Student: 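Please find one structure pasted underneath; my questions will follow.
All values derive from a computational prediction rather than experimental measurement.
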Amino acid sequence: MKTIRLLQLYPSEMNIYGDWGNTLTLKRRLEWRGYRVELLEHHPGADFPMDVDLIVGGGGQDSGQDKIKDDLIKIGPQLQKLADQNVPMLMICGLYQLFGRFFQTHKGERIEGIGIFKLETYGGPKRLIGNVVARSDDFGEIVGYENHSGLTRLDEDQASLGTVVKGDGNNGEDGTEGARYKNVVGSYLHGSLLPKNPRLADFLIEKTIEKKYGKVELQPIDDTLVKNARSIAKSRPR
């Protein structure tokens, strides 16, 4: 049985609003297709495992970001190397922010990021909360839920994940949501994101398998329940 090594960054500090569901979704959809999944965790101060195939990170409060910031800077060059080598990653909310250049809190405190994404985040005066629908050229409609006060600005040459149809997205002004670099995806959307967005989940899975084992045609999965959940989520008020 072919094995995929799936790593979750900082599961104790950066895992709110059900973000662990993204890891679970990737694990299940891989297993349903006959792959063995080895789950790994990286905690502050631990050695970072370089022989990983897929990396997931979640959101956290400012206090959570403060706890992991030094370790993230330490492992940043390793994450950059893996990103440059097309290793798939999904970073949500707090870790999405720190995959940019920095996050500056509303009080003016600055937490340095690792710069995989060309973006900067500034703490705003209010929280952006509610259901979100975004449109992506690669993944169709993306459905999720946002809850953040950070306002993220992308550089002109930084690709977004999608365009907001309902909700605020990166900053509530320019209509962008999330960011992409090669096979690295960043987003503000919780929910969890992947259970309701199988096209995005399967993109990460396909790129993971292709990098490790070669070209693959993914076996279809019955996503009837997912479609129902998406329909309900899209109909809910902001």
Student: Say whether, by atom type as modelled, one donor and one acceptor occur between the side chain of N131 and the main chain of A233 under 3.5 angstrom.
Tutor: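 No, N131 side chain to A233 backbone: no donor-acceptor pair under 3.5 Å.
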Student: Hey, is R153 close enough to E173 for a salt bridge, meaning N to O under 4.0 Å?
Tutor: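 Yes.
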Student: Would you say L194 ends up clustered with L189 if hydrophobic residues are merged whenever their side chains have heavy atoms under 4.5 Å apart, either directly or through other cluster members?
Tutor: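 Same hydrophobic cluster.
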Student: Which class fits the ring pair H42 and F48: parallel under 30°, tilted 30 to 60°, perpendicular over 60°?
Tutor: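 Taking F48 first and then H42, their aromatic rings stand perpendicular (interplane angle over 60°).
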Student: Does the N15 side chain pair with the main chain of W20, one donor and one acceptor, at a distance under 3.5 Å?
Tutor: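 Here the side-chain-to-backbone pair exists.
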Student: Is the CG atom of D137 crowded by more than 12 outside heavy atoms at less than 6.0 Å?
Tutor: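 It does not: D137 CG has 12 such atoms or fewer within range.
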Student: Taking atom types as modelled, is there a side-chain donor on Y188 or T152 under 3.5 Å from an acceptor on the other?
Tutor: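 Note: Y188 and T152 side chains meet the donor-acceptor criterion.
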Student: State, yes or no, whether a side-chain contact exists between I205 and I4 at a heavy-atom distance under 4.5 Å.
Tutor: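 No, side chains not in contact.
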Student: Determine whether L9 and M91 make a side-chain contact, defined as any pair of heavy atoms from C-beta on separated by less than 4.5 Å.
Tutor: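 L9 reaches M91 side chain to side chain.
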Student: Is any side-chain heavy atom of Q65 closer than 4.5 Å to one of M14?
Tutor: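 Heavy-atom side-chain distance check passes, below 4.5 Å.
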Student: Within a reach of under 6.0 Å around CG of D51, are more than 12 heavy atoms found that belong to other residues, nucleotides or ligands?
Tutor: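 Yes, enclosed.
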Student: Can you find a heavy atom in the side chain of M50 that is under 4.5 Å from one in the side chain of V87?
Tutor: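 When only atoms from C-beta onward are counted, V87 and M50 do not touch, as no gap falls below 4.5 Å.
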Student: Hey, are the side chains of R230 and I232 touching, using non-hydrogen atoms and a 4.5 Å cut-off?
Tutor: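 Not touching, per the 4.5 Å side-chain cut-off.
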Student: Between R236 (side chain) and G130 (backbone), is there a donor-acceptor pair under 3.5 Å?
Tutor: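 Pair absent, no side-chain N/O of R236 close to backbone of G130.
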Student: Taking N197 for the side chain and V143 for the main chain, is one N or O donor matched with an acceptor at less than 3.5 Å?
Tutor: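 Checking the backbone N and O of V143 against the side chain of N197, a donor-acceptor pair under 3.5 Å is found.
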Student: Could R199 and D223 be called an ion pair, given the rule that one side-chain N must be under 4.0 Å from one carboxylate O?
Tutor: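 A salt bridge is absent here (no side-chain N lies under 4.0 Å from a carboxylate O).
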Student: Okay, side chain of D53, backbone of T208: is any donor-acceptor separation there less than 3.5 Å?
Tutor: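 A pair under 3.5 Å: no.
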Student: Got V37 and L54 here, is their nearest side-chain heavy-atom distance under 4.5 Å?
Tutor: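 Contact flag for V37/L54 side chains = no.
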Student: Show your reasoning for whether salt bridge (Lys or Arg N to Asp or Glu O under 4.0 Å) applies to E38 and R5.
Tutor: CA-CA 5 Å; E38 183 179 352; R5 287 167 58 84; 3.0 Å; yes
Student: Give the ring-plane orientation class for Y213 versus Y35, where under 30° counts as parallel, over 60° as perpendicular and anything between as tilted.
Tutor: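 Y213 vs Y35 ring planes: tilted.
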Student: If you measure from OG1 on T121 to CG on L98, what distance do you get to the nearest 0.5 Å?
Tutor: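 Between T121 OG1 and L98 CG, I get 8.0 Å after rounding to 0.5 Å.
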Student: Just by distance, do the side chain of K166 and the backbone of K234 share a donor-acceptor pair under 3.5 Å?
Tutor: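 Yes.
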Student: Each residue besides V133 in its hydrophobic cluster should be listed here, by chain and number; the cluster joins Ile, Leu, Val, Met, Phe, Trp and Tyr at side-chain heavy-atom distances under 4.5 Å.
Tutor: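 Members besides V133, by chain and number: V165.
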Student: Of all residues at least two apart in sequence or in a different chain, which pass the ring-ring contact (aromatic ring centres under 6.0 Å, His included) check with F203?
Tutor: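 By the ring-ring contact (aromatic ring centres under 6.0 Å, His included) rule, F203 matches F139.
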Student: Measuring from atom CD of E109 to atom CZ of F102, what distance do you get when rounded to the nearest 0.5 angstrom?
Tutor: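 It is 14.0 Å, given to the nearest 0.5 Å.
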Student: Hey, do the aromatic rings of H43 and Y10 have their centres closer than 6.0 Å?
Tutor: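 No - the distance between ring centres of H43 and Y10 does not fall below the 6.0 Å cut-off.
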Student: Salt bridge (Lys or Arg N to Asp or Glu O under 4.0 Å), that's the test. Do D71 and K74 meet it? Break it down for me.
Tutor: CA-CA 5 Å; D71 187 80; K74 179 181 177 181; 5.4 Å; no
Student: Does some side-chain heavy atom of Q97 sit less than 4.5 Å from a side-chain heavy atom of I111?
Tutor: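 No; the side chains remain at least 4.5 Å from each other.
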Student: Got a sec, which residues hit salt bridge (Lys or Arg N to Asp or Glu O under 4.0 Å) with K118, two or more places apart in sequence or on another chain?
Tutor: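 Checked K118 against salt bridge (Lys or Arg N to Asp or Glu O under 4.0 Å); matches are D157.
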Student: Which is it for D138 and S136 under the side chain to side chain donor-acceptor pair (under 3.5 Å) test, yes or no, and what are the steps along the way?
Tutor: CA-CA 5 Å; D138 293 323; S136 166; 5.2 Å; no
Student: Would you confirm whether K211, through its side chain, and Q85, through its main-chain N or O, come within 3.5 Å as a donor-acceptor pair?
Tutor: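 Yes, the answer is positive, given that a donor and an acceptor are paired below the 3.5 Å cut-off.
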Student: Using the side-chain hydrogen bond (donor to acceptor under 3.5 Å, both in side chains) criterion, which residues pair with R238? Sequence neighbours excluded.
Tutor: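 E146, D168.
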Student: Has Q158 got a side-chain atom pairing as donor or acceptor with R180's backbone, closer than 3.5 angstrom?
Tutor: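 At least one qualifying donor-acceptor pair exists.
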Student: Partners of E112 by salt bridge (Lys or Arg N to Asp or Glu O under 4.0 Å), sequence neighbours excluded?
Tutor: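 Testing E112 for salt bridge (Lys or Arg N to Asp or Glu O under 4.0 Å), a comparison that skips the adjacent residues, returns R110.
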Student: Hey, are the side chains of L119 and N170 touching, using non-hydrogen atoms and a 4.5 Å cut-off?
Tutor: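 A side-chain contact is absent here, since even the closest heavy-atom pair is not under 4.5 Å.
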Student: State whether D84 and K81 are salt-bridged, where the test is any N-O pair (Lys NZ or Arg NE/NH1/NH2 against Asp/Glu carboxylate O) under 4.0 Å.
Tutor: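 No, D84 and K81 are not salt-bridged.
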Student: With sequence neighbours excluded, tell me which residues meet side-chain hydrogen bond (donor to acceptor under 3.5 Å, both in side chains) with D155.
Tutor: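 side-chain hydrogen bond (donor to acceptor under 3.5 Å, both in side chains) list for D155, sorted by chain: R101.
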Student: What residue among P11, P49, S12 forms side-chain contact (heavy atoms from CB on, under 4.5 Å) with E41?
Tutor: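 Of the listed residues P11, P49, S12, the side-chain contact (heavy atoms from CB on, under 4.5 Å) partner of E41 is P11.
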